[in-house]
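Below, chain A is the first sequence line, B the second, and so on; all start at residue 1. Quick caveat: nothing in here was measured; it's all calculated off a predicted structure.
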Number of protein chains: 2
Amino acid sequence: MEGAAVAAVAPAGNDAAWDIIELLFFAYRDFVGDPDEVLLKYAFGRAHHRVLHFVNRNPGMKVADLLDILNITKQSLGRVLKQLVDQGFILQKEGEQDRRQRLLYATPKGEALSYKLAQLQTERINRAFAELGPGAHDAARRFLTAMIDSDNREGVLRQIARGDRAKPRG
Amino acid sequence: MEGAAVAAVAPAGNDAAWDIIELLFFAYRDFVGDPDEVLLKYAFGRAHHRVLHFVNRNPGMKVADLLDILNITKQSLGRVLKQLVDQGFILQKEGEQDRRQRLLYATPKGEALSYKLAQLQTERINRAFAELGPGAHDAARRFLTAMIDSDNREGVLRQIARGDRAKPRG
DNA sequence: AATTTATGTCAGTCATGTTGACATATTTTG
DNA sequence: CAAAATATGTCAACATGACTGACATAAATT
């Protein structure tokens, strides 16, 4: 039996999924590395990038929603958010129904930077899909989705769908 | 400036690859999140995890090789490496041909921790592949490979192949 | 013998995360 | 209405893991 041979001694040593661990590490390293040079010119870091990206994708989102997505504390968020607001990349508007809320919007300036950064990443992604041929996009989407915690998965997908709805012009 | 006037341009707004940007973010967030709890108990961080992982996969690797893989400075590496050595997870052996080199090996203790952490990640990966059916592993491997910088790609693949060669005991 | 290489280390800084405590305005609830 | 809960912001202290720059040591190479 094949299964018996594989299960022998090494605990996880020849698990076929090991290559994915490493490929994911290298792919992600290069993927997030692209925007870093651009961010340097603005004296921003990856934290700013993440905030700007999700705000741009979800105009009018609440601070609390952003905290949930990023999985960080409000103190951590506060620092970078303040810089983005002070420098005119993001603006905060009082909620209309609930005036405690500070709804977040990317300014045109913020939108421009967000797109610029996203473009570097979509270029890499599209280059990969061009290499791999049709079906690759769908396969990648399904793989990445399956890698997300199942409890969060629906929320994430709704999140992404919301973003698609918010930007569909052109 | 009421946020309504989205007069600007929409350069990459409806690029189909946008969903991959976000899925990659969430998938990676959950993927690296798994080992974090375990690492907490050892007072280690992700930096330790990465070092231990690659050393375990490449017994006898040079410090310089590790620096190349991790893309960090020797000062950054030095701190976490010292802790791993002091606490008996990694040992350094003088190179035989070149006695300046400190070749790195995981101790049995280090190997055990490395496997424990990897197992959390392979469980997630295998769960995903089980969901997706046959062909998913290959598709994921090809996608992630295509996402790596093409200049590094060969080196990375050689690196992964070396790791596979180093661990096949059963 | 001089230079280069592999590694280590000291010292200071920065970015980004954490906890804990507290403040303020607003909405919801008893 | 008063009290409690909620959304957000802020101060202070601290940890991790990056960074730069300078310098040290031993061994290999020229």
Candidate nucleotides [options], ranked by approach to the side chain of [X] - the nearest:
X	options	value
B:I72	C:dG17, D:dA28, D:dA18	D:dA18
A:S76	C:dT7, C:dG20, C:dG17	C:dG17
B:K74	C:dT16, C:dT9, C:dA25	C:dT9
A:A47	C:dT16, D:dA28, C:dT26	C:dT16
A:E94	D:dG17, C:dT16, C:dT26	C:dT26
A:T73	C:dT26, C:dT18, D:dT20	C:dT18
B:Q75	D:dT10, C:dT18, D:dA22	D:dA22

What's the [atom1]-[atom2] distance between [X] and [N], to the nearest Å?
X	N	atom1	atom2	value
A:L70	C:dT18	CG	P	10 Å
B:Q101	C:dT4	CD	P	19 Å
B:R50	D:dT16	CZ	P	15 Å
A:L103	D:dT6	CG	P	19 Å
B:R29	C:dT16	CZ	C1'	17 Å
A:D36	C:dA15	CG	C1'	12 Å
B:E96	C:dA6	CD	C1'	17 Å
A:L40	C:dT16	CG	P	11 Å

Atom NZ of A:K82 with >12 non-hydrogen neighbours under 6.0 angstrom: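 Counting neighbours around NZ of A:K82, 12 or fewer heavy atoms of other residues, nucleotides or ligands fall under 6.0 Å, so no.
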Over 12 foreign heavy atoms within 6.0 Å of CD, A:E94: yes
Validation row, ring centre B:F31 to ring centre A:Y28 under 6.0 Å: no
Of B:K62 and A:H48, the one whose closest DNA chain C nucleotide lies more 5':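 Closer to the 5' end of DNA chain C: B:K62.
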Residue whose nearest DNA chain C nucleotide is more 5′ - B:K82 or A:R102: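 With A:R102 and B:K82 compared, the 5'-side residue is B:K82.
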Residue that, paired with A:E22, satisfies salt bridge (Lys or Arg N to Asp or Glu O under 4.0 Å) out of B:R141, B:R57, B:R50: B:R57
Test item: B:N56 side-chain N/O and B:A106 main-chain N/O as donor-acceptor pair under 3.5 Å: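 Not a single qualifying donor-acceptor pair exists.
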Cluster overlap B:L103 with B:L67, hydrophobic side-chain contacts below 4.5 Å: no
Any donor-acceptor N/O pair under 3.5 Å between [N] base and [X] side chain:
X	N	answer
A:R99	C:dT26	no
B:R79	D:dA18	yes
A:R100	D:dT6	yes

What is the nucleic acid contact for [X], judged by heavy atoms within less than 4.0 Å: base, sugar-phosphate only, or nothing?
X	answer
A:D65	nothing
B:Q92	sugar-phosphate
A:Q97	sugar-phosphate

Comparing A:D98 and A:G78 on DNA chain D - which has the more 5′ nearest nucleotide: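 In this pair, the answer is A:D98.
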